[in-house]
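Read the numbers this way: they start at 1 and go in the same order the structure lists the ligands and their atoms.
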Amino acid sequence: MTMTAPLAGRSVLLVISGGIAAYKSLELIRLLRKGGAEVRCILTKGGSEFITPLSVSALSEHPVYTDLFSLKDESEMGHIRLSREADLILVAPSSADLMAKMANGIADDLASTTLLASNKPIMVAPAMNPEMWAKASTQRNIETLKQDGVTFIGPASGEMACGETGLGRMVEAEDLFDAICSYFAVSAPLAGYRALVTSGPTYEPIDPVRFIGNRSSGKQGHAIAAALRRAGADVTLVTGPVALPHPVGVRTIHIETAAEMLAACEAVLPCDIAVCAAAVADWRVENAADHKMKKRAGAMPPTLNFTENPDILATISAHKTRPQLVIGFAAETEDAVSSAREKLVRKGCDWILANQVGTTENPAFGADSNQVTLVTRSTTDPWPTLAKNEVAERLVERIVNFMKETDQTNDQRSPAKAS
Ligand code: C5P
């Protein structure tokens with residue numbers, strides 16, 4: 001993170017509703033883009049009476065979304081994805097009407113539906129006539145929204161476009177920009193740290209059309225990469241073939257074999273944190289054919305000779321630019337915790353998340369939940385069964401604490417950390 005791009009890698013969804021203050025949102029888009037943020041915009045019908053979709057789209061450098069039932073908008077970026085892919089949603093200006101809809105769960109246009117479908121933090125910058133602001137109904141809605149966790153920025157006091165004076169002016173674009181920057185600075189405990197995550201299976205070729213793979217879905221590794229990114233880290237994800245979208249804001253490198261995964265990981269070093277969640281094949285076929293093997297009547301089936309793959313976790317742990325914290329996974333069908341501790345020592349990593357797989361209670365591979373035990377050199381901490389993204393959030397909390405403590409102890413920054 002640098003001073004010139006405080007919002008690099010951040011994605012903001014800006015909802016512009018009807019109000020003369022909408023012109024300030026154009027300036028805000030410009031500031032956000034200059035600050036490094038990705039900006040997507042929803043313009044309500046009211047909003048488009050004040051500013052044009054063309055200005056919004058030209059400044060944000062993305063199509064502007066206006067209609068819930070637009071086939072074009074929904075096929076390009078559906079309303080659920082719009083709300084999910086942003087790190088933060090800002091409603092500016094927010095009309096009394098849109099606040100009333102939000103407070104009451106009404107979803108009758110693209111803006112209100114996206115806000116209702118959202119699982120992201122929401123900020124609201126109200127803009128309305130002072131009488132509308134002071135009205136009991138509006139104040140009730142504000143209370144409800146605050147209780148629901150919505151953050152209010154403004155309104156400010158002053159002369160209104162209608163000629164009246166009082167509370168209800170939308171704050172200036174610069175103030176909104178500052179509020180967004182502070183939000184991300186506080187919610188980014190790993191800002192300035194570089195993290196590497198491996199995820200998914202590896203495919204080891206037998207011939208150009210056949211391979212040996214495994215059942216890893218990549219869900220856990222991808223969830224960890226996304227959680228590290230949300231905590232502000234600069235994340236590179238090295239992934240085998242999976243059917244998952246890239247986590248937003250994460251540099252994603254696709255590989256197939258273990259050898260390719262190792263090369264991609266080594267190219268990322270130095271970094272501060274490495275999480276090896278990939279299910280890397282232990283062996284590859286030494287005598288892989290460079291043409292498709294043919295089945296011939298009466299001939300013996302081919303014999304595959306195996307050779308050992310490099311161990312990526314062990315290589316990173318022993319690397320001359322070893323990350324401060326190296327974390328591995330150990331999926332075992334029996335005795336997961338003691339195998340994990342043995343693995344931790346043998347591979348030289350700091351922590352291992354051990355999980356017993358293949359049981360009916362914890363199939364792990366492909367499932368959405370996981371029961372893991374965090375094993376360190378001196379502690380064993382069994383976690384309850386959690387959704388994979390909850391496992392990721394909890395792991396990132398531990399990583400944040402570890403990095404804070406280590407930085408305090410060393411009183412210096414690791415070489416990989418941006419200064
Ligand atoms: O030895 P095992 O495969 O059980 O170890 C699991 C841990 O080691 C995981 O973190 C996995 O990503 C990592 N690993 C690796 N390279 C390998 C094999 C495993 O990074 N070749």
Give a yes or no answer on whether the side chain of Lys120 reaches the backbone of Arg84 with a donor-acceptor pair at less than 3.5 Å.
yes

List for me each residue that meets ring pair (Phe, Tyr, Trp, His ring centres under 6.0 Å) alongside His319, sequence neighbours excluded, and say none if there are none.
none

Phe402: partners by ring pair (Phe, Tyr, Trp, His ring centres under 6.0 Å), with sequence neighbours left out
Trp351

In terms of side-chain geometry, is the basic nitrogen of Asp109 or Lys45 positioned less than 4.0 Å from the acidic oxygen of its partner?
no

Tabulation required: pairs of a nitrogen or oxygen in ligand 1 and a protein nitrogen or oxygen under 3.5 Å; columns are atom names and distance to 0.1 Å; otherwise 'none'.
residue: ligand 1; atom: 1 (O); partner: Lys347; partner atom: NZ; Å: 2.9
residue: ligand 1; atom: 4 (O); partner: Lys343; partner atom: NZ; Å: 2.4
residue: ligand 1; atom: 5 (O); partner: Lys347; partner atom: NZ; Å: 2.9
residue: ligand 1; atom: 8 (O); partner: Lys347; partner atom: NZ; Å: 3.0
residue: ligand 1; atom: 10 (O); partner: Cys276; partner atom: O; Å: 2.6
residue: ligand 1; atom: 10 (O); partner: Phe329; partner atom: N; Å: 2.7
residue: ligand 1; atom: 10 (O); partner: Phe329; partner atom: O; Å: 3.3
residue: ligand 1; atom: 12 (O); partner: Cys276; partner atom: O; Å: 3.2
residue: ligand 1; atom: 12 (O); partner: Ala278; partner atom: O; Å: 2.6
residue: ligand 1; atom: 16 (N); partner: Ile312; partner atom: N; Å: 2.9
residue: ligand 1; atom: 20 (O); partner: Ile312; partner atom: N; Å: 3.4
residue: ligand 1; atom: 20 (O); partner: Leu313; partner atom: N; Å: 2.8
residue: ligand 1; atom: 21 (N); partner: Pro310; partner atom: O; Å: 2.8

Donor-acceptor pairs under 3.5 angstrom involving side-chain atoms of residues 297-309: please list them, not counting sequence neighbours.
residue: Asn309; atom: OD1; partner: Arg284; partner atom: NH1; Å: 2.9
residue: Asn309; atom: ND2; partner: Glu204; partner atom: OE2; Å: 3.3
residue: Asn309; atom: ND2; partner: Ala281; partner atom: O; Å: 2.8

Asp178 side chain to Tyr183 side chain, donor-acceptor N/O pair below 3.5 angstrom
no

